[in-house]
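Have a look at the structure below before the remarks.
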Amino acid sequence: MTRLPFGGAALVDVRSLRLVECAEYEADALDRLLATGRPDPTDVHVQRLARQLFRSGLLVAVTEPK
């Protein structure tokens with residue numbers, strides 16, 4: 001994620017080089033998601049954004065081996 005100078009952010013899918021712009025509130029929600037690595041069940045904005053990004057393929061679930 002790259003914050004844009006006029007507000008919001010840009011995301012790039014490294015597999016397809018698809019570029020997606022986010023509004024400021026979406027960028028803030030993405031910051032909260034990336035800070036913890038999982039959506040806070042009480043934060044509806046982060047839940048919705050995570051679901052949209054996951055469905056679009058921009059967010060990929062990764063598990064670390066134990």
- Any donor-acceptor pair under 3.5 Å linking the side chain of Gln52 with the backbone of Leu49? no
- About how many Å separate CG of Leu53 and CD of Glu26, when rounded to the nearest 0.5 Å? 8.5 Å
- Query: Atom CD of Gln47 and atom CG of Leu33: how far apart are they, to the nearest 0.5 Å?
  - Reply: 9.0 Å
- Indicate the atoms forming the closest heavy-atom contact of Gly8 with Glu24, along with that distance. N-OE1, 2.5 Å
- Item | Residue pair Arg3, Asp28: steps toward the salt bridge (Lys or Arg N to Asp or Glu O under 4.0 Å) verdict | CA-CA 10 Å; Arg3 286 287 189 159; Asp28 291 341; 3.0 Å; yes
- Item | Value rounded to 0.5 Å, distance of CD in Glu21 from CZ in Phe6 | 5.0 Å
- Is Arg32 salt-bridged to Asp40, cutoff N-O under 4.0 Å? no
- Message: To the closest 0.5 Å, what do you measure between CG (Asp43) and CZ (Arg48)?
- Response: 9.5 Å
- Between atom CG of Leu19 and atom CG of Asp13, what is the distance when rounded to the nearest 0.5 Å? 10.5 Å
- Message: Let me check something: do Leu34 and Leu11 share a hydrophobic cluster, defined by ILVMFWY side-chain heavy atoms less than 4.5 Å apart, either directly or through other members?
- Response: yes
- Task: Please tell me if the side chains of Thr36 and Val46 come closer than 4.5 Å, counting only heavy atoms from C-beta onward.
- Result: no
- Task: Taking all heavy atoms of Ala50 and all of Pro39, pick out the closest pair and write down the distance.
- Result: CB-CG, 4.1 Å
- Message: Assigning hydrophobic clusters by single linkage (Ile, Leu, Val, Met, Phe, Trp, Tyr; side-chain heavy-atom cutoff under 4.5 Å), is Val20 placed with Leu4?
- Response: no
- Under a single-linkage definition using a 4.5 Å side-chain heavy-atom cutoff for Ile, Leu, Val, Met, Phe, Trp and Tyr, are Tyr25 and Val44 assigned to the same hydrophobic cluster? no
- Query: Going by heavy atoms in the side chains, are Arg18 and Val12 under 4.5 Å from each other?
  - Reply: no
